[in-house]
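All values below come from the heavy atoms of this structure, side chains included, with hydrogens, waters and symmetry mates left out. Since this is a predicted model, take the numbers as computed values, not measurements. Sequential numbering from 1 along the given sequence is applied to the chain's residues.
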Amino acid sequence: MNSALNIPHQIDLTGFPAGVTVTHERGTQGVLLRAEQGERGLELWLTDEAMKMYGPGPAVTMALSHLKQAVEAGLPEKEEGAYHRAVFLGD
């Protein structure tokens, strides 16, 4: 992933609703984006393959857009203490 990629800035630009916290963490094969609102939340795994296919900046932007749509539709509740997880793959 491009070291100059500023995910916190992209999160800010996405304009998530008040009360929703969005965080990210780098994994061995991608980036985990997490939206939380109280006991509700969703994780979106953005794979390295997707970032290679679309470019790191556009891939993060698209993933955050999908995450925002999920927030606006209503985040699911935790199940067994874990958030639901979606995966954003490259084709």
Side-chain angles (χ1 to χ4, degrees):
M1 183 169 70
N2 183 345
S3 61
L5 187 61
N6 188 341
I7 295 175
H9 180 66
Q10 285 189 275
I11 291 169
D12 289 342
L13 291 176
T14 303
F16 285 90
V20 175
T21 303
V22 180
T23 58
H24 75 285
E25 59 185 75
R26 179 74 177 140
T28 57
Q29 297 180 3
V31 175
L32 182 66
L33 300 166
R34 181 182 298 117
E36 299 173 280
Q37 187 172 30
E39 288 296 311
R40 297 179 173 274
L42 179 69
E43 294 179 335
L44 179 61
W45 183 251
L46 175 59
T47 65
D48 283 341
E49 291 79 19
M51 287 189 277
K52 288 176 188 170
M53 181 174 186
Y54 301 110
V60 170
T61 299
M62 286 188 291
L64 288 170
S65 176
H66 286 287
L67 197 56
K68 184 178 178 183
Q69 289 174 3
V71 166
E72 291 170 343
L75 292 169
E77 290 189 34
K78 286 183 182 179
E79 285 187 15
E80 299 179 12
Y83 292 118
H84 289 258
R85 182 176 287 182
V87 180
F88 193 84
L89 300 168
D91 293 336

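Contact record, Tyr54 with Met62: CG-CE, 3.3 Å, taken as the closest heavy-atom pair. Residues Ala86 and Leu42 come closest through the heavy atom pair N-CD1, 4.5 Å. Looking at every heavy atom in both residues, Leu44 comes nearest to Ala63 through CD2-O, 3.1 Å. The two atoms that bring Ala59 and Ala50 nearest to each other are CB-O, 3.9 Å, heavy atoms only.
Rounded to the nearest 0.5 angstrom, Leu67 CG and Leu75 CG are separated by 7.5 Å. Interatomic distance, NE2 of His24 versus CD1 of Ile7, reported as 4.5 Å (0.5 Å rounding). A distance of 9.5 Å separates CG in Leu64 from CG in Leu13, rounded to the nearest 0.5 Å. For the atom pair CH2 of Trp45 and CG of Leu89, the computed distance is 11.5 Å after rounding to the nearest 0.5 Å. The structure places NE2 of His9 at 11.5 Å from CD1 of Ile11, a figure rounded to the nearest 0.5 Å. Note: Arg34 CZ to Tyr83 OH = 7.0 Å, rounded to the nearest 0.5 Å.
At distances below 3.5 Å, not a single donor-acceptor pair connects side-chain atoms of Glu43 with backbone N or O atoms of Leu32. When atom types are taken as modelled, the side chain of Thr23 and the backbone of Leu33 share no donor-acceptor pair closer than 3.5 angstrom.
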**OP:** Determine, stepwise, if the pair Glu39 / Lys78 fulfils side-chain contact (heavy atoms from CB on, under 4.5 Å).
**Re:** CA-CA 6 Å; Glu39 288 296 311; Lys78 286 183 182 179; 3.9 Å; yes
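Residues Thr61 and Gln10 form a side-chain contact, since some pair of their non-hydrogen atoms from C-beta on lies under 4.5 Å apart. The shortest distance between side-chain heavy atoms of Met51 and Val31 falls below 4.5 Å.
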